[in-house]
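By convention here, the first residue in the shown sequence is residue 1. Whatever order the structure lists them in is the order used to number ligands and atoms, beginning at 1. All of these numbers come straight from a predicted model, not from anything done at the bench.
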Amino acid sequence: MNQSIAQKISALRQEIQTHNLNYYTLDAPTVTDAEYDRQIKTLRELEEKYPEYTSPDSPSLSVGGPVLDNFSKVAHELPMLSLGNVYSEEELAEFVERIQKQLKNTQVLSFCVEPKLDGLAISLLYEQGKLIRAATRGDGAVGEDVTYNVKTIKNIPHILKGDNIPERLEVRGEVVMPIAEFHAFNQHAIANEAKSFVNPRNAAAGSLRQLDSNITAQRPLAFYSYGLGIIENGSLANSHYQRLQQLKAWGLPLTEEVTLETGALGCFEAYTQLLQKRPILPYEIDGIVYKVDDIALQEQLGFIARSPRWATAHKFPAQEEQTRLLDVEFQVGRTGAITPVAILQPAFVGGVTVSRASLHNADEIKRLNLKIGNTVVIRRAADVIPQIVRALPDAQEKNREIIFPTTCPVCDSEIERIEDEAIARCTGGLYCAAQRKEAIKYFASRKAMNIDGLGEKVVEQLVDENLIHNPADLFNLTAEQLIPLERMADKKANKLIAAITQCKNTTLPKFLLSLGIREVGEATARNLANYFLNLEALKHANIEDLLKVDDVGDIVAQHIVAFFRQKHNQEVLQALLDTGIHWPEIKAKEQQAQPLEGKIFVLTGTLTQMDRNEAKQALQALGAKVSGSVSKKTDYVVAGEAAGSKLTKAQELGITILDEAELVNLLS
Ligand code: IVH
């Protein structure tokens, strides 16, 4: 048995060493951080359980990667340390308790709380206020001299300003590539077929460790201070927080997120707040750092192995995880668009279990160089739909090519892919059961005819059982036909029939929307109704007429003409009108009072009294336009709870901001 434990430990060490090489030296990791952390944790647990196998060169003990030969080496006068981790509120409480016990302190402790920036650690040495050397952390004892490169980072001062600067001063902090700059850089690199980076941290590391500092100079890097090393001939405050403020006063960059907190409770509150803010911060962070603020207490607490006892990192849940691509399904949408969907080995990421992710289109599969069986990295940032961000290099031979179908997986009609358009479409139209189902679901949806109780499952059964072929058939259904369906009892069937009858009383915009004409959404349907006032006029409109309508361009106009020209559509439309669907007459625009005519609104954040769609409709009913993005043209931004970047942008542009109460007021 021991033989196998020894083998396991040795295999794990080798694997981690490979990851270290890929991550620290080559800037091209082949596993996610979460997976790396798990392997380190397993190794540490094994070494703890079987101390006979511990070894001084185990990767569980070292801080970083090896030092590259190309840069000259710098021995750190004071070692550059690493941080221990806590992963929960309980572990945080234990961390604080441990400190209090060691200090024999019963008073509440103050902590300096900082974001844990996801970049790479750098030491800056200033002598007489002048930057004379910059070094990477390396293995903590010896780093690399990257002075020339660091001097190209725009927010690092070469000369400190102000008074009382110690003769020798070592500032430590993190070099990062801000998220927006990272995306812009990658986009540019991809367009020029140059090397792109997998994440901002690797971009920062890869950019800083360039032998030619001219290359570094072109990379959008930034630095933020978080601590000090050598301090000679000069005195500094006795508080870590104060020291950071002093660095700022001397011209060194500091993040805006540094705060002072008391006790484990204060620290945890800061954690919750920073986690919420994470999506709108300009740089990536992977957690928060708590540091005992009093320097004398820090000294009393000292170090254990290579981490201080007075500080710890509280990691945020991973936004990236790795899992396996089990299969790819092809979904057919309402307009025939074929969407490849990844079927994944379920993985817990960003707080939820993810088992499917849209692959969007064939180009995306090509871009990711994806094969079935691949290990893939999935990412789910707060409230964002999960995405596959990359495939990890693994034994490709074993994996299966993803074959894009040439005929529709549902109706076998041919699939066409229009040149220059990324999307492939089933040409089956309403012959295709998938498109028919989607068309009927859309017809019944809340924003269209709003038929209560006609959910996806019911529509699918009705089509599969051949009870309906198009939306008009809904109106001939009887309760007797519905009752045999799955999960449908007498009462539910009767209610559904009543809802179908009731929906006949509608509005022209809703009816137009329900037809599912391509590219005709709520706003366009409303504009069409307001312009043509009745269905007959719209049916006979030509492209020229249509182009006069607000927001209707060439493509939409063509879709509308094509829709009304098609024989099948004419028949279904007539059948629908024959069922008695009706709407109130629309009066010409001049007669209507439109108090918000022409005003442009943007909705952001979460509303509590109504959903966004309701708010949008209510605003549009008063003549306002509702846009998805903030620009100089925006008149009002409605900011709900946890509003993010749109709110910030609105503030920057000086746009009037309304809260939910003010919106409700305005609408009434
Ligand atoms: S303090 C004595 N503060 O995390 C403690 N580190 O595992 C030394 N990091 O190498 C580190 N943000 O690269 C500290 N606010 C922060 C940090 C931070 C990011 C990185 C740093 C360090 C690693 C610790």
### Query
Looking only at heavy atoms, is any part of Arg137 under 4.0 Å from ligand 1, and if so is it the side chain, the backbone, or both, or is it neither?
side chain

## Note on the structure
Restricting to heavy atoms, the pick from Asp286, Leu83, Ile285 nearest atom 5 (C) of ligand 1 would be Leu83

### Message
Does the residue Gly173 have a heavy-atom contact with ligand 1, meaning some pair of atoms that are separated by less than 4.0 Å?
### Response
no

### Task
List every atom of ligand 1 that sits less than 4.0 Å from any heavy atom of Ala121, numbering the atoms from 1 in the order shown and giving each element.
10 (O), 13 (O)

### Glu261 side chain to Thr259 side chain, donor-acceptor N/O pair below 3.5 angstrom
yes

#### Entry: Set of ring-ring contact (aromatic ring centres under 6.0 Å, His included) partners for Phe316, sequence neighbours left out
Tyr271

### Task
Check whether any side-chain heavy atom of Glu97 lies under 4.5 Å from a side-chain heavy atom of Gln102, and answer yes or no.
no

### Message
Quick check on contacts: which atoms of ligand 1 are under 4.0 angstrom from a heavy atom of Pro308?
### Response
2 (C), 5 (C)

#### Entry: N-O pairing of Asp286 and Arg201 below 4.0 Å
no

### Task
Flag yes if more than 12 heavy atoms outside Lys151 fall under 6.0 Å of its NZ atom; otherwise flag no.
yes

### Query
Any side-chain donor-acceptor pair under 3.5 Å between Thr54 and Glu47?
no

### Query
Of Arg306, Lys116, Glu257, Arg201, which has the heavy atom at the shortest distance from atom 4 (O) of ligand 1?
Lys116

### Nearest neighbour of atom 16 (C) of ligand 1 from the list Tyr226, Tyr224, Trp310, on a heavy-atom basis
Tyr226

### Any residue meeting ring-ring contact (aromatic ring centres under 6.0 Å, His included) with Tyr226, in chain and number order, not counting sequence neighbours
none

### Query
What do you reckon, does Gly227 put a non-hydrogen atom under 4.0 Å from ligand 1?
no

### Message
Pairs of nitrogen or oxygen atoms closer than 3.5 Å, one from Leu117 and one from ligand 1: do any exist?
### Response
yes

### Query
Between Glu114 and ligand 1, which part of the residue brings a heavy atom under 4.0 Å of the ligand: side chain, backbone, both or neither?
side chain

### Query
Could a heavy atom of Lys291 be found less than 4.0 Å from some atom of ligand 1?
yes

### Task
Scan side-chain atoms only and decide if Tyr290 and His314 contain a donor-acceptor pair under the 3.5 Å cut-off.
yes

### Query
So is Pro115 polar-close to ligand 1, meaning N/O to N/O under 3.5 Å?
yes

